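Have a look at the structure below before the remarks.
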Amino acid sequence: MPLDTAPYDALLLVSFGGPEKPDDVLPFLENVTRGRGIPRERLVEVGEHYYGFGGRSPINDQNRAFISAVEEDFRSTGVDLPVYWGNRNWDPYLADTLQRMKDDGIKRAACLVTSAYSSYSGCRQYRENLAEAVATVGEGAPELDRLRHYFNHPGFVEPMVDATLSALAGLGDAARRDAHVLFVTHSIPESMNDTAGPEGGAYVAQHRAVVDEVGERVRQETGHRYATELVFCSRSGPPHVPWLEPDINDRIEELARQGVGGVVVVPIGFVSDHMEVIYDLDTEAQATAEKAGVEFARAATAGVDPRFVAMVRDLLLERAAVERGEEVRRESVGALAPSWDRCPVGCCPNQRGDKPALCGQA
Ligand SMILES: CC1=C(CCC(=O)O)c2cc3nc(cc4[nH]c(cc5[nH]c(cc1n2)c(C)c5CCC(=O)O)c(CCC(=O)O)c4C)C(CCC(=O)O)=C3C
Ligand SMILES: [Fe+2]
């Protein structure tokens with residue numbers, strides 16, 4: 001018997017997109033930064049990160065692998081739904097995917113965004129992209145609901161705990177003893193965090209909840225309370241605009257000066273090993289650590305961990321039941337409550353002016 005997924009007849013994976021070949025790099029970067037006030041020098045620099053990896057981001061292949069894993073999970077558990085995929089910044093673009101869904105007769109889809117937290121960049125901007133894509137397709141475009149934020153879902157948190165434990169095990173005994181666990185996420189402008197979520201500050205608050213929960217579980221598993229902290233990578237934007245700090249590289253250098261022998265870097269801000277992870281962490285931050293004489297181990301991202309894959313099904317069935325008016329039990333761990341189904345009005349505002357966005361409260 002297939003499980004009841006009504007009112008949904010599809011799942012849509014909504015992601016960032018990335019270049020597939022060197023010629024894609026500049027047009028991709030132009031898509032990402034259009035109207036975002038990013039200095040030219042920064043674009044040239046980030047372009048080099050991509051060229052250094054053959055002009056190809058791993059993110060699209062990672063999304064393909066994730067979709068295959070979700071399809072397999074659906075098949076084996078009796079969820080009879082097709083899975084579609086659309087990006088903000090690169091092919092397959094959201095509007096093209098929505099057109100295909102409409103042609104396939106899809107009426108209403110649940111959207112999983114590959115970003116776990118609240119912020120303009122991680123949430124509302126995707127909701128604006130969905131609104132734009134629906135407007136492009138016009139009459140007959142599928143109705144879309146966004147599945148809730150999953151930073152505190154056990155399917156996201158538990159793989160992070162195991163990844164942190166494995167990374168700790170990868171340090172030498174001496175370095176491990178006083179190692180600092182650096183939970184890292186994408187920096188955003190301070191003003192973007194100040195307005196994130198319904199009451200502001202949600203981006204940092206949600207990350208701190210994950211840091212505390214993973215830190216506590218690692219303590220339970222190892223019997224040792226490692227120093228844990230939240231640090232940031234991938235700062236962009238003009239120098240006079242304040243972004244969230246400390247930067248991971250600055251922090252590693254400071255820890256080295258204090259005599260700390262090892263760091264474990266846990267990319268809680270990202271769901272797969274895309275360019276921010278393989279360049280900003282594995283290349284740049286690792287080089288910083290080497291130069292400073294600090295042992296470095298990077299924890300895996302959630303990727304295709306079966307628990308993370310199964311989370312998609314859990315969120316989908318949960319939301320479907322909510323939309324049918326049924327009582328549901330919402331899985332979550334840590335200090336914060338499960339997140340909302342529809343973003344409150346004014347949540348994570350676009351600081352450059354209002355744009356239509358889907359998946360919010362009326
Ligand atoms: C919060 C956040 C996430 C996590 C949530 C989520 O996953 O959505 C994220 C993810 C990603 N960011 C990515 C790539 C880029 N982000 C940029 C620029 C920016 N990101 C920002 C924030 C975030 N970004 C911000 C505030 C900017 C400044 C411009 C602006 O205000 O909009 C730029 C332009 C160059 C630069 O400025 O660095 C690039 C190339 C890729 C793809 C990687 C790949 O190709 O493998 C991914 C997954
Ligand atoms: Fe980004």
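Being a predicted model, the structure only gives us computed values, none of them experimental. Counting starts at 1 for both ligands and their atoms, in listed order. Along the sequence shown, the residues carry numbers beginning at 1.
- When all heavy atoms are compared, the tightest approach of T222 to Y226 is OG1-CE1, 3.8 Å.
- The protein heavy atom nearest to atom 3 (C) of ligand 1 is H186 CD2, 3.8 Å.
- Residue-to-ligand polar distances keep S119 apart from ligand 1: every N/O pair is separated by 3.5 Å or more.
- Protein heavy atom closest to atom 5 (C) of ligand 1, with residue, atom name and distance, is S115 OG, 3.4 Å.
- Looking at Y117 against ligand 1, nothing comes within 4.0 Å, counting heavy atoms.
- If you number the atoms of ligand 1 from 1 as listed, the ones under 4.0 Å from a heavy atom of I188 come out as 1 (C).
- Looking from atom 43 (C) of ligand 1 to the surrounding protein, the closest heavy atom is E276 OE1, 3.0 Å.
- At a 4.0 Å heavy-atom cut-off, ligand 1 touches W243 through the side chain alone.
- Checking only distances, R88 never comes within under 3.5 Å of ligand 1, N or O to N or O.
- Contact atoms of ligand 1 toward T114: 7 (O) (distance under 4.0 Å to a heavy atom of the residue).
- For a threshold of 3.5 Å applied to N or O pairs, the pair formed by Y203 and ligand 1 contains no separation below that value.
- The protein heavy-atom contact nearest to atom 29 (C) of ligand 1 is I38 CD1, 3.5 Å.
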With side-chain contact (heavy atoms from CB on, under 4.5 Å) as the test, would you mind laying out the steps for R100 and D96 before giving the verdict? CA-CA 6 Å; R100 214 154 45 75; D96 298 335; over 6 Å; no
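- In summary, the aromatic rings of H207 and Y203 are positioned with their centroids under 6.0 Å apart.
- Protein heavy atom in closest approach to atom 40 (C) of ligand 1: L29 CD2, 3.4 Å.
- F66 and F308 have their aromatic ring centers within a separation under 6.0 angstrom.
- At the shortest separation from atom 48 (C) of ligand 1 among protein heavy atoms lies H274 NE2, 3.4 Å.
- When each atom of ligand 1 is checked for a heavy atom of S57 under 4.0 Å away, the hits are 44 (C), 45 (O), 46 (O).
- In this pair, F16 and Y126 present their aromatic rings perpendicular. The plane angle is above 60°, beyond the 30 to 60° band.
- Here the heavy atom of the protein found nearest to atom 8 (O) of ligand 1 is Y126 OH, 2.7 Å.
- Proximity of M275 to ligand 1, defined as any heavy-atom pair under 4.0 Å, is shared by backbone and side chain alike.
- Side-chain N or O atoms of T185 include none that pairs as donor or acceptor with a backbone N or O of I268 at under 3.5 Å.
- Ionic pairing of R298 and D273 is present here: one or more N-O contacts between side-chain nitrogen and carboxylate oxygen are shorter than 4.0 angstrom.
- Contact annotation: the side chain of R251 never approaches that of F232 to less than 4.5 Å [non-hydrogen atoms, C-beta and beyond].
- When side chains are defined from C-beta on, V181 does not count as touching V218, because their heavy atoms never get closer than 4.5 Å.
- Closest non-hydrogen pair, R352 versus N350, comes out as N-OD1, 2.9 Å.
- The closest side-chain heavy-atom distance from Q351 to P189 is not below 4.5 Å.
- Considering backbone and side-chain N/O atoms, Q125 never comes within less than 3.5 Å of an N/O atom of ligand 1.
- Close approach of ligand 1 to S236 is summarised as follows: ligand atoms under 4.0 Å from at least one heavy atom of the residue are 36 (C), 37 (O), 38 (O).
- By the criterion of a heavy-atom distance under 4.0 Å, the side chain of T33, and not its backbone, is placed next to ligand 1.
- When only non-hydrogen protein atoms are considered, atom 33 (C) of ligand 1 lies nearest to V32 CG1, 3.4 Å.
- By the 30° and 60° cut-offs, the orientation of the rings of H149 relative to F151 is tilted.
- Among R352, R36, H49, Q62, the residue whose heavy atom lies nearest to atom 32 (O) of ligand 1 is R36.
- Proximity of V46 to Y279: side-chain heavy atoms (C-beta onward) are nowhere separated by under 4.5 Å.
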